[in-house]
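Below: one structure, written as structure tokens.
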There are 2 protein chains.
Amino acid sequence: MSTQQTTDTGGAASARVAAYLREAILGGQLKPGDRIRQEEVAERFGASRLPVREALRMLEAEGLTEHEPNKGARVPRLTQHEVEVIYRMRERLEPLALVESLPLLTEAEHAELEDVQRRIEENTDLERFLDLDREFHMLTYSGCGIDPLNSMVTRLWNSTQHYRRSYVALGGRSRMWVVNSEHRLILDAVVRRDPIDAERFVEGHIRRTRIELGHHPEVFDGNPR
Amino acid sequence: MSTQQTTDTGGAASARVAAYLREAILGGQLKPGDRIRQEEVAERFGASRLPVREALRMLEAEGLTEHEPNKGARVPRLTQHEVEVIYRMRERLEPLALVESLPLLTEAEHAELEDVQRRIEENTDLERFLDLDREFHMLTYSGCGIDPLNSMVTRLWNSTQHYRRSYVALGGRSRMWVVNSEHRLILDAVVRRDPIDAERFVEGHIRRTRIELGHHPEVFDGNPR
DNA sequence: TGACACAGGATTGGATCCAAAATCTACTGT
DNA sequence: ACAGTAGATTTTGGATCCAATCCTGTGTCA
């Protein structure tokens, strides 16, 4: 599987169910607005409903589901304005995460970053691009051991995954090209361990994406259901 | 009860248990490092362990408990560095929350803010100060309807509540005086609906608190257990 | 005396059953 | 034909019981 973070919280069964649903939501099989029925998941998984309930709670904390009493869980649907604010949050939090992480990244991790970036540049598949892009950024933050910071950054990425997909599908090849050139700037700053540039470049990278996104309201129209 | 936010998520019983535990943690009856036994809470509450489990999950999402498989829930204990990074996160997120909130605050809410600030200035009790200070800030953000932003700000406040208490107890009356003068600046900017000043003042308010906290490592030493 | 192993108790994780709430459907009345 | 309502079905919330895991204290042996 490609998309990280196994939340070791909860028992073995809950963790497996959570991983399964996480994959389904981030992978786009479950879309914003979709309802998640406990019984259905439990059955498909050969477990009782209880670990499913636990899993849904974990996912809620990760921003992947939302819960209404006596009505159940859904994949949250966001407005364009909500997504824009989430990007503004990212503009402020991720530079901080990177600065905290920067001095603790090893040369092995630098090499891994180089490798991921190389694979992004060789890649042509959309879904794979989403995963690799995420992997690149998360790797740059991986030196930062502050739990609330990590989990919030992860949550912001999770919440917007579906809209990122729509947007990249729209922008296509040229969009990926821009991302790559900006990644190169970030990567250089990371390897040089230059906190000023690192902060500047990652902030600009996210800001430019937010502004681009603002020009494409159609990303938020076609929400199913 | 004084410390808001009833997380309408979960059934009636879970919500009540969550409210009870939330109050106990924020109020200081449960301290960082303390273990929370499901059976114990369930019994004291006349309910089964299941709603307690749900409640603990909710609280985990709010940053009030942490969970380890097969070992149960504890109140998280933070290092000085973690608290410092949380304050840096607040420095970046809360100005954003305030700017988003600013144009949507009504004059009734301005009046309510005035009232809360007046009550803070008249107050001498430490625990009451913690509640009122929180209420003041949350009120300034209350126009911002963006869920992830609200919940993250709340979570950051939750995580540091215990250390805020120790710190205020240390600084005493003079500390409260500084806070009040800074609140007045923020309040003025809010009433004038001046986003530049509002952002500046709230950012400075939090930053100064962070720097002050850095000079008092003893706040983080005496952690029980 | 100290370290390791084992056993018993305590505590959490999961399954099943039942109750309550919400949603859906079909019927009735105008 | 349509709106409103009552009943049936679906789905979630909670209680109880059982299983698996962890922790603690004691005893044995080197």
Side-chain angles (χ1 to χ4, degrees), chain A residues 5-22 24-25 29-62 64-77 224-225, chain B residues 5-22 24-25 29-62 64-77 224-225:
Chain A
Q5 187 131 353
T6 51
T7 331
D8 67 345
T9 228
S14 333
R16 280 207 311 273
V17 173
Y20 167 80
L21 286 173
R22 189 182 295 118
I25 297 168
Q29 288 82 48
L30 285 170
K31 292 187 186 7
D34 281 358
R35 194 168 167 192
I36 301 175
R37 267 169 270 269
Q38 299 175 359
E39 189 81 43
E40 192 179 316
V41 178
E43 193 173 347
R44 168 186 311 248
F45 225 85
S48 91
R49 267 174 42 220
L50 208 142
V52 177
R53 277 156 78 172
E54 298 261 308
L56 287 173
R57 288 254 173 252
M58 299 188 213
L59 295 175
E60 195 181 0
E62 295 172 35
L64 288 172
T65 62
E66 65 187 0
H67 200 94
E68 215 177 340
N70 294 319
K71 297 183 82 179
R74 312 185 83 87
V75 181
R77 192 201 318 256
R225 202 121 341 149
Chain B
Q5 186 134 351
T6 51
T7 332
D8 65 347
T9 227
S14 333
R16 280 207 310 275
V17 173
Y20 167 79
L21 286 173
R22 188 182 296 117
I25 296 168
Q29 288 83 46
L30 285 171
K31 292 189 188 2
D34 280 358
R35 193 168 168 193
I36 301 176
R37 265 170 270 270
Q38 299 176 358
E39 189 81 42
E40 193 178 316
V41 179
E43 194 173 348
R44 169 188 308 250
F45 226 86
S48 91
R49 268 176 40 221
L50 207 143
V52 177
R53 275 157 78 171
E54 298 260 310
L56 288 173
R57 288 256 173 249
M58 298 189 215
L59 295 175
E60 196 181 359
E62 294 173 36
L64 288 172
T65 62
E66 64 186 1
H67 201 92
E68 215 176 341
N70 294 320
K71 298 182 82 177
R74 312 185 83 89
V75 182
R77 191 200 319 253
R225 205 123 337 156

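Reminder, nothing fancy here: chain letters follow the sequence lines and each chain counts from 1.
Under 3.5 Å, the side chain of A:Arg53 and the base of D:dG14 form at least one donor-acceptor pair of N or O atoms.
Nucleotide D:dG13 holds its P atom 7 Å from the CD atom of B:Glu54, rounded to whole Å. Whole-Å rounding puts the B:Asn70 CG to C:dA10 P distance at 18 Å.
The two residues B:Ala61 and A:Ala61 make their nearest non-hydrogen contact at CB-CB, 3.7 Å. In terms of heavy atoms, A:Ala73 sits closest to A:His67 at CB-ND1, 4.2 Å.
In the set D:dT12, D:dG13, C:dG14, D:dT12 carries the atom at the smallest distance from any side-chain atom of A:Arg37. Of the candidate nucleotides C:dT12, C:dA15, D:dG14, C:dA15 has the atom lying nearest to any side-chain atom of A:Ser48. Comparing C:dT11, C:dA15, D:dT12 by their nearest atom to the side chain of B:Arg35 picks out C:dT11.
Note that CD1 of A:Ile25 is 5.0 Å distant from CG of A:Leu64, once rounded to the nearest 0.5 Å.
A salt bridge between A:Arg57 and A:Glu54 is absent, with no side-chain N of the basic residue lying under 4.0 Å from a carboxylate O of the acidic one.
For the pair A:His67 and D:dG13, the criterion of a side-chain N or O lying under 4.0 Å from OP1 or OP2 is met. Between B:Gln38 and the phosphate of C:dA10, there is no side-chain N or O to OP1/OP2 separation shorter than 4.0 Å. The side chain of A:Ser14 places an N or O atom within less than 4.0 Å of a non-bridging phosphate oxygen (OP1 or OP2) of C:dG14.
Nucleic acid contact for B:Leu56: none, since no nucleic acid atom lies under 4.0 Å from a heavy atom of the residue.
Nearest-nucleotide positions on DNA chain C place A:Leu50 closer to the 5' end than the other of A:Leu50 and A:Lys71.
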